[in-house]
Amino acid sequence: MFININKKLLLVISFFFFIFSVKSEPPKGVGGNIFQDSKKSVSFNSEEINFQKDKEVPVPELTGRVVDLTGTLTDYQIRLLSKKLEALEKEKGSQVVVLIVPTTGIETIEEYSIKVAEKWKIGRAGIDDGVILLIAKNDRKLRIEVGYGLEGAIPDAIAKRIIDEIIVPEFKKGNFFVGIDKGTDAIITLIKGEELPLPEKKQSIEDFGEWIFWAPLIFSFILHLIIGAFLAVLISIILFNILGIFFYGFSLEIFFIIVIASILGVSWYRFSGGSSSGSGGWSGSSGGGFSGGGGSFGGGGASGSW
Amino acid sequence: MKNQNKRKFITYLLLSWFLLSFTNCGYNEIQRKDEAVNAAWAEVLNQYKRRADLIPQLVKVVQAYAIQEKEVLIKVTEARSKVGSIQATPELLNNPEAFQKFQEAQGELSSALQRLMVVVERYPELKSDRNFRDLQAQIEGTENRIAVARRRYIQAVQEYNTTIRIFPNVITAKIFGYTPKPQFQIENQQQLEKPPEIDFNNN
């Protein structure tokens, strides 16, 4: 009877999951929407749902290095820009992103821009080497938001010049991609000229794949047969963290995985269903995602209009 | 029997929650929030100073263009020296009167600058002068930084004031003499944001 109830419950729960996953629409960004011909001026999503001139505009999700919610850029152009910005991050560690919205609503572009900066946290934590190029297309306003760490490389006056002399002339002609492309080139040049801490070789999960999970698990399992569960888990956590830090530098994700793996190592056989669920996803999951590095902004940069 | 056990359990639960909330009675948290306020205030002062430092160069560049509205320039210089005369230290936070005076002085400087910028609109050569444009960008950038620093200060003060008012922290706060910190007055801000009226007929 107990097993039957479980099965029914499982069925009901999976039914609901199915419903919810089908219901959730794909994201509002340009990315994979086959209905968007990016030559057209505006995406059918953005105007209706998110962006109203007399209200606050929510900060969109950071879906990539170039977030275009107006359908201005083609997929190819977005990929081109993203590759360029990704190369910069690999080389210097700094993060530069581009955000195109139809309008910043009731807030000024400066107010909106700092909200985006605080949510996305572009740039490395502590080094604060992030830059956001924000374009409010229908407002005909743009802004370069510069993180604390790059205020020396990109002072306000220089940012203003990039806007006035490089980007705006192109925007006035309607060449949005060229304007953004040239503008980001100028920003990248300035960043490259600046002495910044070298980027950390992100030797996180992708490099050693699943071993970060299996090694502590097996180790703690074997050890606990000898000296008991608690000591085994403790030693496993300490040992593998030391190894991890020694070889790869400290990472919170690694720490947690080691802890969880160690604990599972001494308790997995007590679960009825087997707990190896987590391992499969990790070696594949790392590559695509882009996220802010925790950088902070102080409101530096410049705004302009065309 | 069951009810008695249940009640015991709940009592113990409540008691332990009650006792736990008294652990150092929020003293550490008050310290942290206090430091956050000081840091935020230091940043505000930093940006105000940055703006004040830009003014002399700005005045010099504008003077070279011999604009007619000289009194606007004079007002800016006066407002700046008034701001400079107030000792801008962390201690301002503990003196509400001085804090108010400081705010007013900064507000006057903001208005004077805004008036100057409006006047400059009438002088296209000055407007397109490279040095002036750079300075204008710097001042605009600084004004934005001031706005951001003020916003973060307001948040820090909100958190601090809340922390010293909730129970049981309020007791600790009273014992150690932690008082609410001053907030930027909204009336002040409204005045700051009002666009200046310029009478062009007087010249």
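Numbers restart at 1 for each chain; the letters A, B, ... are given by sequence-line order, proteins then strands. Bear in mind the structure is a predicted one, so any value in this text is a computation, not a measurement.
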Is the number of heavy atoms from other residues, nucleotides or ligands under 6.0 Å of A:Lys160 NZ greater than 12? yes

Heavy-atom pair of closest approach, residues A:Tyr148 and B:Arg152: OH-NH1, 3.2 Å

For the interface with chain B, which of A:Gly300, A:Ala159, A:Gly304 has the highest count of heavy-atom pairs at distances below 4.5 Å? A:Gly300

Below 4.5 Å, heavy-atom pairs only: which of A:Gly301, A:Pro155, A:Gly299 has the largest tally toward chain B? A:Gly299

Can you establish whether the number of heavy atoms outside B:Lys75 located under 6.0 Å from its atom NZ is more than 12? no

Min side-chain heavy-atom separation A:Glu110-B:Glu143 under 4.5 Å: no

Between B:Arg145 and A:Asp156 the two heavy atoms that sit nearest each other are NH1-OD2, 2.7 Å

How close do B:Ala137 and A:Ala157 get, counting heavy atoms only, and between which atoms? CB-CA, 3.7 Å

Rounded at 0.5 Å granularity, tell me how far CD1 in A:Ile158 sits from CG in B:Asp134. 7.0 Å

So which residue, B:Gln47, B:Gln136, B:Arg133, B:Glu140, ends up with the most heavy-atom pairs under 4.5 Å with chain A? B:Arg133

For A:Lys115, does the NZ atom have more than 12 heavy-atom neighbours from other residues, nucleotides or ligands under 6.0 Å away? yes

Do B:Arg151 and A:Glu111 touch side chain to side chain, with heavy atoms closer than 4.5 Å? no

A quick test of your reading: do over 12 heavy atoms of other residues, nucleotides or ligands sit less than 6.0 Å from NZ of A:Lys119? yes

